[in-house]
Amino acid sequence: MADRIIQLKKTVEAAPDESRYRIKYAELLNAAQLTAVTHRGGPILVIAGAGSGKTRTLIYRVARLIESGVPPGAILLLTFTRRAAQEMLRRVGQLVGDRGGEVAGGTFHSFANTILRGHGGPIGLQPNFTILDRGDMEDVINLIRTRMGLGSKERRFPKKGTLAEAISMARNKNRALDAELEADFAHLAEYRAEILALAANYDSYKRERGLLDYDDLLHRLAELIKHHAPTRQRLADTFRYIMIDEYQDTNAIQAELVRLLAATHRNVMAVGDDAQSIYSFRGANFRNIMDFPKLFEGAKVLKLEENYRSLQGILDLANEVIARAPEKYTKALFTRRAGDLRPLLVRTADEHTQSRFVAQRILELREEGVELGEIAVLFRSSFHAFDLELELQRRDIPFVKRGGFKFIETAHIKDVLAHLRVVANPSDAVSWLRMLMLAKGVGHRRAERMIEEMAGAAAPERALGAAAAKAGMRAAAAVEGCARLAALIGALRGEGRRPADQLAEVMDYYGPILREAYPDDYPKRERDLEHFQNIAERYRSLESMLADMALEPPNDSIGDVLATAPEEGYVTLSTIHSAKGLEWHAVFVIWAADGRFPGPMSVGAEEIEEERRLMYVASTRARDELYLSYPIYMFDRAMGYVMGRPSRFLEELDAAVLPTALVQEEEPD
DNA sequence: CTTCTCCCTGTTTTT
DNA sequence: CAGGGAGAAG
């Protein structure tokens, strides 16, 4: 017997009543963008090609949610740098007014930091925990390695950097260290047992002393959400809409956090571009973004392919570069921008000629009316720009350099910070160690014994003198030095002090030590410290200053010239990694030479593919003009001067896509 | 145990 | 080319 058929009527979703909204979304966005922006709830993945209005889409989505009545505080915008978050929230503010400022935004790490300081109690965290940066992490590992007697044998135990890398990589990929060693550090197989023991000791060392490294921030937050139902509930109730930018550069633990945060409401939008995944050294995998629909079953997937940034010539090059990747999931970029300017592959005699070419072209651009702020020079590695920096300085071209060297990681800044960190967290043994070793007559052995003696003391500085005596310190000068240190720490611990004043006080103590330790270049270091003093003026609490220094250290080093000519803007010198998400009228990519880009460290096929994506990112930063240059003579440590060849990603390209040019000295008259 | 000196290595990218 | 590590002297 046949069932009777009941016909369900097709339900037509009522078109949203656009008159409710002040912003004319349909006029400001293309169809794909509009779909993403007006997406109300549930998981959605937006694959956004370079320059396709990714940021714009995120900003308008936030505005749309707010206009739809979602409280700004219920929106969480996770970005790759806090700079990116601030910029986006500023633009949201322009659209919807002050309420935009209530949107929660930042990096995964800064978000974790905030939550853990406020609600970390249930998993045994004090709010004053110290964040270890990579250098601190290596210091601790080194300490433990020495303690375990692993360094001093005839067998060469791996160095702290390698150990830190393996331990951190395992945690970023959210897998057991054992498995990570087997997969990616096969050459360390013979030390497997010792490394596992060391990692366990490293972990307990941190837990006992209120120390969290970068990976801990993410893992402890995941732990908190998983094991503490009230917090889980509160977070889910608070952050009801989650958006993640640059999703292609998230790693396993970050994906896990996204899953946990969005588990109840599933209102999560991820935005990214697999072709721009350039952070595998941090455990990111470009395949993660394709797995998003697995993480959130039934996720809507959307592509933005129209490019609004670059001339077609630049897109042709970028498309060609990425088309040669063996594995790719997406799209060909296209634009409607008119103009037939092509990128240019520029050959120069040597590195210095390259620098002179770049400097000269920058000056010409300025003559043509291009602002310096609309010009960038990009490179694979920070040191590639050294020669250019000198040339720009010589010609009084103001610039800022982003990426690479961070002044926060220099020894003198870390020394000064150590004094402040023990004030914030007296059980921070890493900082005690660093600080005590600066004192006369104290090496790592005595410092460690003193730290043990002081452990648990309510006011460690008062126990300092006795601890020094117990550690066998006799010399009058050394005893006096410890007394001064104790007095300093005692004074710093006073209530309600301004960080800047505390820092000034540390400087009184540290100044002479600095001069003695670096007799040849202490003036430069003193200038760094003055700069640091200026930064400290911005903070009202020591804790927030220390957290910021670890989570987003001041990254720009401003060329000396800038001070004299800030009003005309400045050229940006940046690593490609730090140029992510940015764009300029004219972009130079220097050292586009095989052996530099890709660099000598890229050997495996996976690494080469990442370098390829890096080239893709670099070239898509340009709107109108793109110059890729390389020197014909380049110095190689092993082989002396060798003939430079263009980067393999550019070499096979048709001259129609990438015309070439040779830089020549002007003929003498 | 600390400090000084010499030698050697090894050199991306970043939260 | 500099910073770290190892080895020797104080």
Side-chain angles (χ1 to χ4, degrees), chain A residues 78-85 106-113 131-139 142 145-146 151-152 154 156-157 159-162 164-165 168 171-172 212-218 246 249-251 253-254 277-284 378-386 402-406 408-411 436-437 439-449 471-475 478 516-518 520-521 547-553 555 574-580 591 595-603 607 610-611 613-614 617-618 636-638:
Chain A
L78 293 169
T79 55
F80 205 69
T81 62
R82 197 156 84 175
R83 198 191 182 102
T107 62
F108 279 90
H109 291 89
S110 66
F111 175 68
N113 175 55
I131 300 171
L132 303 181
D133 66 21
R134 183 54 176 265
D136 300 325
M137 177 186 184
E138 291 183 5
D139 287 348
N142 214 24
R145 189 177 77 151
T146 315
S152 53
E154 63 284 358
R156 293 200 318 279
F157 197 70
K159 285 174 311 195
K160 59 180 180 179
T162 313
E165 197 188 326
S168 184
R171 306 197 70 209
N172 276 300
L212 271 72
D213 63 23
Y214 288 140
D215 308 325
D216 288 325
L217 286 171
L218 306 182
E246 310 281 10
D249 283 319
T250 55
N251 54 36
I253 179 64
Q254 289 169 324
S277 170
I278 53 176
Y279 276 84
S280 68
F281 64 91
R282 230 167 74 182
L378 307 183
F379 30 84
R380 174 66 183 89
S381 309
S382 192
F383 70 89
H384 291 166
F386 286 169
R402 307 187 55 207
F405 172 82
K406 293 189 203 69
I408 205 80
E409 282 166 15
T410 54
L436 288 171
M437 300 234 302
K440 274 269 172 307
V442 186
H444 88 260
R445 208 55 210 247
R446 269 188 195 146
E448 273 194 64
R449 285 187 56 190
M473 188 182 297
R474 296 264 172 276
E516 201 172 325
Y518 306 98
D520 31 316
D521 68 344
D548 270 11
M549 289 307 122
L551 291 174
E552 45 175 343
N555 202 19
S574 174
T575 60
I576 298 167
H577 285 90
S578 295
K580 185 184 198 95
W591 279 115
R596 290 296 202 288
F597 186 5
M601 306 302 282
S602 315
V603 279
E607 279 108 325
E610 175 135 328
E611 299 286 305
R613 293 191 293 270
L614 211 44
V617 171
D636 180 279
R637 236 182 331 120

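Every chain is numbered from 1, with letters handed out A, B, ... down the list of sequences.
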Can you tell me how far [atom2] of [N] sits from [atom1] of [X], to the nearest Å?
X	N	atom1	atom2	result
F386(A)	dA2(C)	CZ	C1'	11 Å
W591(A)	dT12(B)	CH2	C1'	15 Å
I278(A)	dT12(B)	CD1	P	17 Å
E165(A)	dT13(B)	CD	P	13 Å

Quiz item: For N172(A) and A447(A), take the nucleotide of DNA chain B holding the closest heavy atom to each; which residue's nucleotide lies nearer the 5' end?
Solution: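 So the residue in question is A447(A).
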
Quiz prompt | dT12(B) phosphate, OP1 or OP2, under 4.0 Å from T575(A) side-chain N/O | solution =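 Answer is no, no contact under 4.0 Å.
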
Self-check item: side-chain N/O S110(A) vs dT15(B) OP1/OP2, d < 4.0 Å
Solution: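 No, outside the criterion.
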
Quiz item: Are a donor atom and an acceptor atom from the side chains of N172(A) and S168(A) found within less than 3.5 Å of each other?
Solution: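 S168(A) and N172(A) do have a side-chain donor-acceptor pair below 3.5 Å.
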
Could you check which of [options] has an atom nearest any side-chain atom of [X]?
X	options	result
R446(A)	dG10(B), dT15(B), dC1(B)	dC1(B)
T107(A)	dT15(B), dG10(B), dT12(B)	dT15(B)
Y214(A)	dG5(C), dT15(B), dT12(B)	dT15(B)
Y279(A)	dG5(C), dT15(B), dT14(B)	dT14(B)
H109(A)	dT14(B), dG10(B), dT15(B)	dT15(B)

Quiz item: Should the pair Y279(A) and H577(A) be assigned to parallel (<30°), tilted (30 to 60°) or perpendicular (>60°) ring geometry?
Solution: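 Y279(A) vs H577(A) ring planes: perpendicular.
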
Quiz prompt | Presence of donor-acceptor pair under 3.5 Å, side chain of R380(A) and base of dT13(B) | solution =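 Pair found.
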
Exercise. Determine the interatomic distance between P on dT12(B) and the same-named atom on dG5(C); round to the nearest Å.
Key: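 Taking atom P in both dT12(B) and dG5(C), they lie 16 Å apart.
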
Quiz item: Is the distance between the ring centroids of F379(A) and F597(A) less than 6.0 Å?
Solution: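 Between F597(A) and F379(A), which both carry aromatic rings, the centre distance is not below 6.0 Å.
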
Quiz prompt | Side-chain ion pair, D249(A) and K580(A), N-O less than 4.0 Å | solution =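 Salt bridge: yes.
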
Practice problem: Remember a base hit wins even if backbone is also touched, and classify S382(A) as base, sugar-phosphate or nothing at under 4.0 Å, heavy atoms. | Solution: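 Counting heavy atoms under 4.0 Å across all strands, the contact made by S382(A) is with sugar-phosphate only.
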
